[in-house]
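Presented below is the structure to which this report refers.
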Amino acid sequence: MVARFKTQVGIVGAGPAGLMLSHLLHLHGIDSIVLEARSRQYCEERVRAGVLEQGSVDLLHRSGLGTRLDREGMRHEGIEIGLNRKRFRIPLSELTGGKAVTVYGQHEVVKDLIARRLADGGDLRFECGEVSAHCLESERPLLRTSGASGEAEIHCDFIAGCDGSHGVCRPSIPVSALSTYERSYPFAWLGILAAAPPSRGELLYMHHERGFALYSMRSPAITRLYLQCRPDEDLDQWSDDRIWSELHTRLDCDDGWQPIEGRILQKGITGMRSFVVEPMQFGRMFLAGDAAHIVPPTGAKGMNLALADVVVLSEALRAYYKKNSTGPLDRYSNVCLRRVWKAQRFSWWMTSLLHCFEDASPFDRRRQLAELDYLTGSRAAAASLAENYVGLTMEF
Ligand code: FAD
Ligand code: DHB
């Protein structure tokens with residue numbers, strides 16, 4: 001027996017993109033079903049991004065999700081760039097007319113969204129089994145699931161592919177209909193979460209001859225730190241002592257500042273990739289978030305781009321259902337891609353600026369140091385970084 005369901009928008013993936021889309025559609029009176037391969041607990045505990053742009057914070061407030069964010073989020077009005085054991089502050093708010101970023105873990109955003117969707121009677125199906133997408137070019141596209149609890153068909157008006165970089169939605173579009181643009185980087189990040197209070201209030205992006213290091217945080221009791229490492233790095237070779245020793249080598253500053261050590265709660269390795277697929281639509285399937293584009297994490301843009309995509313998509317679906325207008329849906333891909341490419345440029349630039357490239361020529365190395373010198377000595381250069389870091393204005 002195949003169970004049959006009907007919804008206006010079938011959403012694959014309960015990450016920030018899928019959950020926020022479902023929430024915004026609900027606020028517009030449009031129904032959706034969210035299919036998620038993993039368990040609720042897994043989604044709520046997956047530690048990933050941590051920096052919300054000003055526009056993402058405004059979106060969370062505007063859509064009624066600001067309560068815990070206001071209580072627990074850490075507003076940062078500046079970041080620091082480090083070079084040769086010295087730190088230089090980029091005053092984000094001063095350079096952007098009062099904008100800032102807020103440190104609030106992606107899994108906290110996910111927790112808030114899941115709680116809100118369930119309180120609003122939302123249909124979220126965790127551990128949904130295998131998903132496949134069909135009839136994308138017809139008026140009635142279809143999602144099928146099959147798993148331990150049997151088989152189901154979900155008949156939709158539209159499908160939103162919010163299933164991240166390894167999902168099923170993008171591969172269900174014919175290869176000939178898509179162009180992909182890609183770049184890989186010859187390094188990765190080893191990230192840790194430590195039970196240690198932050199020893200500074202702002203993030204520090206440090207360029208060091210042994211490789212980039214990033215000092216960040218999650219709460220008054222937890223710090224988040226990253227080290228540039230090889231893409232094939234073996235995590236087993238990194239004892240806690242070795243990690244702290246390398247973090248000190250790269251992050252400690254001449255004025256005596258250093259990260260406070262604590263028990264390492266979690267460690268992992270993240271690859272670095274730039275990837276864009278165009279267009280972000282095929283027939284009645286729309287791709288959003290990491291399903292359509294990946295940025296290297298240096299610019300802290302991934303989750304923010306995912307949220308920006310679904311704002312555009314929810315507005316386009318509202319125009320379709322409430323004003324009978326298909327124009328905004330037709331423009332969805334182009335509108336998103338303008339923002340995506342600017343975020344790609346910025347993330348690539350931050351990555352190139354701060355990391356060590358083994359194959360860099362002496363010329364490349366001098367040019368990189370000059371770029372850092374320019375950034376830390378020029379208000380105009382710092383203003384450009386600040387404008388991009390707090391997030392470009394949303395356009396429709
Ligand atoms: P995801 O969060 O990947 O969600 C996709 C969901 O789909 C998942 O729950 C997955 O389980 C589900 N799924 C996958 N396949 C299927 C399937 N077949 N069927 C059903 N469900 C499926 N971004 C920032 O903005 N700021 C940062 O500071 C930042 N730092 C980062 C640090 C690290 C270490 C990493 C790894 C990423 C970071 N990012 C950052 C990127 C950010 O985490 C991602 O861009 C973000 O998760 C994208 O959200 P999404 O909803 O598009 O995809
Ligand atoms: C964090 C991650 C990033 O990619 C970044 O650029 C800044 C902070 C974080 O996890 O806190």
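Both ligands and their constituent atoms are indexed starting at 1 by order of listing. Atom set for the values below is all heavy atoms of this structure, side chains included, hydrogens, waters and symmetry mates excluded.
- With respect to atom 21 (N) of ligand 1, the closest heavy atom belonging to the protein is Ala37 N, 3.1 Å.
- In this structure, ligand 2 sits under 4.0 Å from heavy atoms belonging to Arg48, Gly50, Val51, Trp189, Leu203, Tyr205, Leu214, Ser216, Arg218, Arg224, Tyr226, Pro297, Thr298, Ala300.
- The proximity of Asn304 to ligand 1, defined as any non-hydrogen pair under 4.0 Å, involves the side chain as well as the backbone.
- Within ligand 1, the atoms closer than 4.0 Å to a non-hydrogen atom of Arg38 are 11 (O), numbered from 1 in the order shown.
- By the 4.5 Å heavy-atom criterion applied to side chains, Val47 and Arg224 are counted as neighbours.
- Looking at Arg144, Arg140, Lys6 one by one, the single match for salt bridge (charged side-chain N to carboxylate O under 4.0 Å, His left out) with Glu153 turns out to be Arg144.
- In terms of polar-atom proximity, Thr270 is not counted as a contact of ligand 1, lacking any N or O under 3.5 Å from an N or O of the ligand.
- Residue Gly167 approaches ligand 1 through these ligand atoms, each under 4.0 Å from one of its heavy atoms: 15 (N).
- Side-chain contact check for Tyr205 versus Leu353: every heavy-atom pair is 4.5 Å or farther apart.
- Contact between Arg46 and ligand 1 is present, with at least one heavy atom of the residue lying under 4.0 Å from the ligand.
- Seen from the ring of Trp348, Arg345 does not count as a face-on cation partner, given the 6.0 Å and 45° thresholds.
- Those atoms of ligand 1 that come under 4.0 Å of a heavy atom in Val168, given as number and element, are 18 (N).
- Annotation: Tyr226 places no N or O atom under 3.5 Å from an N or O atom of ligand 1; distance criterion only.
- Among protein heavy atoms, atom 53 (O) of ligand 1 sits closest to Gly164 CA, 3.9 Å.
- Looking at Pro16, Ala291, Gly289 and measuring to atom 49 (O) of ligand 1, the nearest heavy atom belongs to Pro16.
- No N or O atom of His166 sits closer than 3.5 Å to an N or O atom of ligand 1.
- Atom numbering of ligand 1 starts at 1 in the shown order; those under 4.0 Å from a heavy atom of Ala17 are 51 (O), 52 (O).
- Considering only non-hydrogen protein atoms, atom 29 (C) of ligand 1 sits nearest to Ala49 CB, 2.9 Å.
- In this structure, Leu227 and Ile192 have side chains that are not in contact, with every pair of non-hydrogen atoms separated by 4.5 Å or more.
- Checking only distances, Gln106 does come within under 3.5 Å of ligand 1, N or O to N or O.
- A ring-centre distance under 6.0 Å is not found for Phe346 and Trp341.
- Between Glu36 and ligand 1, an N or O atom pair is found at a separation short of 3.5 Å.
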Residue pair Phe187, Met272: steps toward the side-chain contact (heavy atoms from CB on, under 4.5 Å) verdict: CA-CA 7 Å; Phe187 38 73; Met272 310 268 281; 3.7 Å; yes
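- Considering backbone and side-chain atoms together, Gly50 places an N or O closer than 3.5 Å to an N or O of ligand 1.
- Checking only distances, Met303 does come within under 3.5 Å of ligand 1, N or O to N or O.
- In this structure, Lys301 is positioned above the aromatic face of Tyr389, its NZ or CZ under 6.0 Å from the six-membered ring centre and within 45° of the axis.
- In terms of protein heavy-atom proximity, atom 14 (C) of ligand 1 is closest to Asp163 O, 3.1 Å.
- A salt bridge links Arg379 to Glu94: one of the charged nitrogens lies within less than 4.0 Å of a carboxylate oxygen.
- Between Tyr42 and Phe126, the ring centre distance reaches or exceeds 6.0 Å.
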Criterion side-chain contact (heavy atoms from CB on, under 4.5 Å) on Leu251 and Gln258, from CA distance to verdict: CA-CA 7 Å; Leu251 286 172; Gln258 54 175 11; over 6 Å; no
His76 vs Val101, side-chain contact (heavy atoms from CB on, under 4.5 Å): CA-CA, chis, key distance, verdict: CA-CA 5 Å; His76 287 198; Val101 293; 3.9 Å; yes
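- Remark: Glu202 engages Arg89 in a salt bridge, criterion side-chain N to carboxylate O under 4.0 Å.
- Contact annotation: for Val12 versus ligand 1, heavy atoms closer than 4.0 Å belong to the side chain alone.
- Remark: among candidates Gly302, Cys162, Cys43, Gly13, the nearest residue to atom 5 (C) of ligand 1 is Cys162, based on non-hydrogen atoms.
- Taking any N or O of Ala306, backbone or side chain, none lies under 3.5 Å from an N or O belonging to ligand 1.
- Within the 4.5 Å cutoff, the side chain of Ser132 has no heavy atoms near those of the Ser172 side chain.
- Remark: Glu130 CD is loosely packed, at most 12 non-hydrogen atoms of other residues, nucleotides or ligands lying under 6.0 Å away.
- Separation of the Tyr181 and Phe275 ring centroids does not fall under the 6.0 Å cut-off.
- Listed by atom number, the atoms of ligand 1 under 4.0 Å from Leu35 heavy atoms are 20 (C), 21 (N).
- Using the six-membered ring where Trp is involved, His355 and Phe212 have ring planes that are tilted, between 30° and 60° apart.
- Nearest non-hydrogen protein atom to atom 45 (O) of ligand 1 is Asp290 OD1, 2.7 Å.
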